[in-house]
2 protein chains.
Amino acid sequence: MIPILDLSTAQKTVLRRAPLNLWDFPPSVVEKTRALFGEGVTPPQAVARILASIREEGDAALRRWSALLDRTVPKEFRLSRDAMRKAWEMLPTDLASALRLAAQRIRAFHERQPLPSWEHRDENGVLGQRLVPIERVGVYVPGGSAPLPSSLLMSVIPAQVAGVETIVVCTPPEPHPTILAAAYLCEVEHFYQVGGAQAIGAMAFGTESVPKVDKIVGAGNLWVTLAKQQVFGVVGLDGLAGPTETMIIADGSANPDWVAADLLAQAEHDPLASAILLTPDSALAARVQEQIAHQIERLSRAEIISQSLASRSGIVLTPDLETAADLANEYAPEHLCLSVADPEALLPRLRHSGGIFIGEHSFEVLGDYVAGPSHVMPTGGSARFNSPLNALDFVKVVSLIGLTPQAGEILSRPAAVIAQAETLTAHAAAAEKRFSG
Amino acid sequence: MIPILDLSTAQKTVLRRAPLNLWDFPPSVVEKTRALFGEGVTPPQAVARILASIREEGDAALRRWSALLDRTVPKEFRLSRDAMRKAWEMLPTDLASALRLAAQRIRAFHERQPLPSWEHRDENGVLGQRLVPIERVGVYVPGGSAPLPSSLLMSVIPAQVAGVETIVVCTPPEPHPTILAAAYLCEVEHFYQVGGAQAIGAMAFGTESVPKVDKIVGAGNLWVTLAKQQVFGVVGLDGLAGPTETMIIADGSANPDWVAADLLAQAEHDPLASAILLTPDSALAARVQEQIAHQIERLSRAEIISQSLASRSGIVLTPDLETAADLANEYAPEHLCLSVADPEALLPRLRHSGGIFIGEHSFEVLGDYVAGPSHVMPTGGSARFNSPLNALDFVKVVSLIGLTPQAGEILSRPAAVIAQAETLTAHAAAAEKRFSG
C-alpha cells in the first residue's frame, strides 16, 4: 500500500536524497559476491577482477565469466543480421507497427535537435567550435526481469542521428527476440550477446570478438554500473543509472484513476523504484490511494509493485503547488509529471528533472515508448547535472583557433606576460619569438 | 634530446596509446602511499579512505588530511573577496592588463557558443529540450610546480557564461597571489584553500565549510584524478585529466625556430608531457632537433623538458601530410597544431583532438592564455569522446513532452502494445485507460 505522508515525514523518508553510494552493498549482493569470487572480495573488487582479465585475455576471459555469471557460453558472441531479420519477421503485426512508429518518432525528435558547429570570422581570423560525431559507441541493453526493445531504440537512434559510424550493442546471452527485432528495425550491425560487467569491459578495452568503443551508454544492473564507474576515463559514459523514479505533481483537477495507474506503472519496474505524488489536495490523495489498492489486484507484477510502494514511494501532502515544484527541483526526479489544471504556470519554476510531462495526457508511459525524447534519463538526483540521452551525447567539440599573423603577433605579448607570471619560461619564449623576431 | 623516429618505431613508442590505467602506479607513488597510509594500502584505497572520512566527518576530516598531506592547516578554509582584491591590487600593471584581456576574450568566445533550447509545436502539442544551467559547480585549480591563474579563468568563465549560480573554487593551501587575483578578476565568491583528493571529496559531499556542488571540473594530480573517478555519479565531471600533450604537423614551410619553441613549451609542463612533431620533411626534422638543443639551454625548466623530450616525445617522419593527419586522428591529441603552408586543406580530414591550431601564427601558447577557447582540453586520447571545457559542460537538457489530449490518446495504443510485449502490464494498463475509458 502506498502511504500518505505529511511533508516533514516525507522529507525524512521518500524525499531524502543520499549521495550515490557504490561502497556499501546489501548483504545479498555481498553474499553472492563471496560465493562466486571467494572470501573477503567486495563487489567493486570482483568487478575490477573481471575488467582486468578482459583487458588482458580478451575473449577467453569473456567466455569464462559468461560461464560463471550467465551460466551459458554462446557459441558465437556476435549475432548476425540474419538472426535479427528472422526475429523481426516473427513479430506480430501490431507490435512491428508500434516499434516502427516509436523509431520514427525518436528519430524525428532527435533530428530536430540543433548540433551547432560555429565559426566566427573577423579581421583577426577565425575562432569556433566544430561538433564532431564520436566514431564508435557502445550501447548496453539490459536483460533483467523484462525484455526492453524500447531501450535499444532509445539509445541507438540518437547515436545514429548524431552521425556515429560504429554502434556496438551488447545484451545478456540469448536475448529476447523483440530485442533482436528492434536491432533489426534500426539497422544495428554489431550486436553481441555479452552481458553484465564483462560486456562493459569488452566494449571499453576491445576483445577479439567485440570492438573497442569510445563511449558507452545505457542502463544496467549493479554490476554494469560498477563496471561503468571503473572504466570512466578509459571511455566516455552517459552517467550511472540507479533505480527509476517518477514524481507526479497533481491538483484537484487530476483524474485519480489515471494518477494511480501512472504511479503503478512506475512501481512495477523494480522493488527499489520510486513513485511519488505531490499534491496539496487531500481528497485527491485519498482517492489515488484507493485507486491504487483497487488497480493493483489485476497486475501481474503486483509483488514488485507492493515493495516499491511500501518502501520507496508515497503520496506527499504539500501546502501548495509552488512548494511541490520546489521539492521537485530539490529531488531532481528522472520523470516529472504535471497533472494539474495549468501546467504552463508551473513550468518556469521547474529546473531539475530528466523530462517534464506536461499535463495528464502526456503521461510517462508515452515517454517510455513513443513520444520521441529518449527514455534513458538521469536517476538518483543526477538530473541536477545530467541530461536524458540526446544527440549531444554522441558528439564532442573541437575548438578551432586560426588567427592572422597580425593578431597572433599582438596577442603574443600578453600571452608572454602571463606565461612569465606562471614561471613557464618556455611558454614565454615561444610567445616572445612571435613578436621579437 | 628529442629523438627523430621513423613511423614504425614511433607507432611502437610515442604514438602508442594505452587505455587510461588507474590500477598500476609507479613505485614512488606506491611507496609514498604506504608511508602515509600504512602497509598494503593502494593509492585508490587511500583516496577511498579520504573520501569516506570527508563524507562522514566533514571539516574535521578536511583538517586532518590537510595536516597530513599538505603539512599545513589553514585557519579558515575560505578566503575572502578582500584577500582576492588585495592580491589583484598588488599585480604588476602589465599582468593585470594581460589577465583582463584573457578574461574578456574567454568570455566573448563562450558567449558566441549557442546553447539552443528548442520547442517544436504542431497540432499534436509541444516537444522540445530546455537547456538549463547547472546550479552549483566546483572548479579545481591545481597548485603544483607552477601557479596557473589561467586555469582558473579557463574554467570559471565558461561556467559563468552558461549561467551557473554558485561557483566553488578549490586550490591547495596558501595559493599563489596570482591565482587569488584571477579569482578577484572574474568575481569568484566561493574560494577555498583545500587541495588534492580532499578538495574533491569536500565539493562532492559538502562539509560545514565547503558547499556541495553538482559537478566538478578542472585538472589535477593523480590524487585528484583518482578522487574524481571515485565520485563520478555522485557529481558530474568534465573528465579525467592526464599529462598534457601537443602534436604539431609541419611541412617545409614551417619555421623550425618556432616549431622547436612550441615543442619546448609543451615539454616544460611535466616530465610525462608529450611533444610530438609529425613531418614528411626530414630537413625540417633535423633543423627542429638542432633548434631544440640550442634553445633548451636558456630555459629554467630544462630538466623537466629533457625528461619529457627523451621519454614521451619525438619527431616522427611521415610519408606525407595526409598520413600525419590520419595518425593525429588515431592519437587524438589534446592540442593539434598545423604549421603547414595550407592548413585549410588538412582541416576536413581532422576529427579527433581537443583543439586545432590553424597555422603557425596560431600557436598553442596563445590558446593557453588569450585566444578564447578554454585551455582545459581532453588528454590521453579522450579527445575521441570528450570536449574542451565549454559552455555546454555547464548546462543539462530537460526533455519537454506536452501532447494534446487527442495525440495522447492516439499514441496510447502503440504504447500499450509495446508495454505488453515488454511484459510491463501496469505500463500497458496506464496507456489503455487513456483510450478505453
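Letters A, B, ... mirror the listed sequences (proteins, then strands); counts begin at 1. The structure presented is a predicted model; accordingly, all values stated were derived computationally and were not measured. Heavy atoms only: backbone and side chains are in, while hydrogens, waters and symmetry mates are out.
Closest of all the heavy-atom pairs between A:Leu101 and B:Pro414 is CD2-CG, 3.5 Å. The two atoms that bring A:Leu20 and B:Phe232 nearest to each other are CD2-O, 4.0 Å, heavy atoms only. The shortest heavy-atom contact between B:Pro147 and A:Thr423 is CD-OG1, 4.1 Å. Closest of all the heavy-atom pairs between B:Ser387 and A:Val397 is OG-N, 2.8 Å. When every heavy atom of B:Pro114 is checked against every heavy atom of A:Trp118, the shortest pair comes out as CD-CD1, 3.4 Å. Closest of all the heavy-atom pairs between B:Gln230 and A:Gln229 is O-NE2, 3.1 Å.
Chain B forms the most heavy-atom pairs under 4.5 Å with one residue out of A:Ala302, A:Ala98, A:Gly408, A:Ala52, and that residue is A:Ala98. In terms of non-hydrogen atom pairs under 4.5 Å with chain B, the most contact-rich of A:Leu264, A:Leu148, A:Leu127 is A:Leu148. Contact count versus chain A (heavy atoms, under 4.5 Å) is highest, among B:Val231, B:Leu299, B:Leu400, for B:Leu299. Per-residue heavy-atom pair counts under 4.5 Å with chain A were compared for B:Leu99, B:Asp368, B:Val235, B:Leu22, and the maximum is reached by B:Val235. Between chain B and the residues A:Phe109, A:Phe394, A:Phe357, the most heavy-atom pairs under 4.5 angstrom are made by A:Phe109. Between chain A and the options B:Lys215, B:Glu360, B:Gln420, B:Arg301, the largest number of non-hydrogen pairs under 4.5 Å is found for B:Arg301. Most heavy-atom pairs under 4.5 Å with chain B: of the set A:Gly359, A:Gly372, A:Ser150, this distinction falls to A:Ser150. When each of B:Gly381, B:Ser382, B:Gly125, B:Ala431 is checked for heavy-atom pairs under 4.5 Å with chain A, B:Ala431 comes out on top. Listed options A:His361, A:His427, A:Arg298 were ranked by heavy-atom pairs under 4.5 angstrom with chain B; first place goes to A:His427. Between chain A and the options B:Ala430, B:Ser97, B:Ala332, heavy-atom pairs under 4.5 Å are most frequent for B:Ala430. The candidate with the highest count of non-hydrogen atom pairs below 4.5 Å against chain B, out of A:Ala260, A:Gly367, A:Gly380, A:Ser353, is A:Ser353. Ranked by non-hydrogen atom pairs under 4.5 Å with chain A, the options B:Gly128, B:Pro44, B:Pro92, B:Ala48 are led by B:Gly128.
When heavy atoms are compared at a cutoff of 4.5 Å, A:Leu392 approaches chain B solely by way of its side chain, counted from C-beta outward. Heavy-atom distances place the side chain of A:Arg105, and not its backbone, under 4.5 Å from chain B. Of the two parts of B:Ser374, neither the backbone nor the side chain holds a non-hydrogen atom closer than 4.5 Å to a non-hydrogen atom of chain A. Only the side chain of A:Val132 comes within contact range of chain B, with heavy atoms under 4.5 Å apart. If you measure heavy-atom distances from A:Asp94 to chain B, the contacts under 4.5 Å come from both the backbone and the side chain. In this structure, chain B has heavy atoms under 4.5 Å from both the backbone and the side chain of A:Asp257. If you measure heavy-atom distances from A:Gln113 to chain B, the contacts under 4.5 Å come from both the backbone and the side chain. Contact annotation for A:His352: both backbone and side-chain heavy atoms come within less than 4.5 Å of a heavy atom of chain B.
Within the model, atoms CG of A:Leu153 and CD1 of B:Ile418 stand 7.5 Å from one another, a figure rounded to the nearest 0.5 Å.
Here the side chains of A:Arg130 and B:Leu347 are in contact, with some heavy-atom distance below 4.5 Å. Considering only heavy atoms from C-beta on, B:Leu366 comes within 4.5 Å of A:Leu403 through its side chain. Side-chain contact between B:Val398 and A:Arg351: absent, with no pair of heavy atoms (C-beta onward) separated by less than 4.5 Å. In this structure, A:Ile401 and B:Ile358 have side chains that are not in contact, with every pair of non-hydrogen atoms separated by 4.5 Å or more.
The existence of a salt bridge linking A:Asp262 and B:Arg434 is confirmed by a sub-4.0 Å separation between a basic side-chain nitrogen and an acidic carboxylate oxygen.
No donor-acceptor pair under 3.5 Å is formed between the side chain of A:Glu135 and the backbone N or O of B:Arg384.
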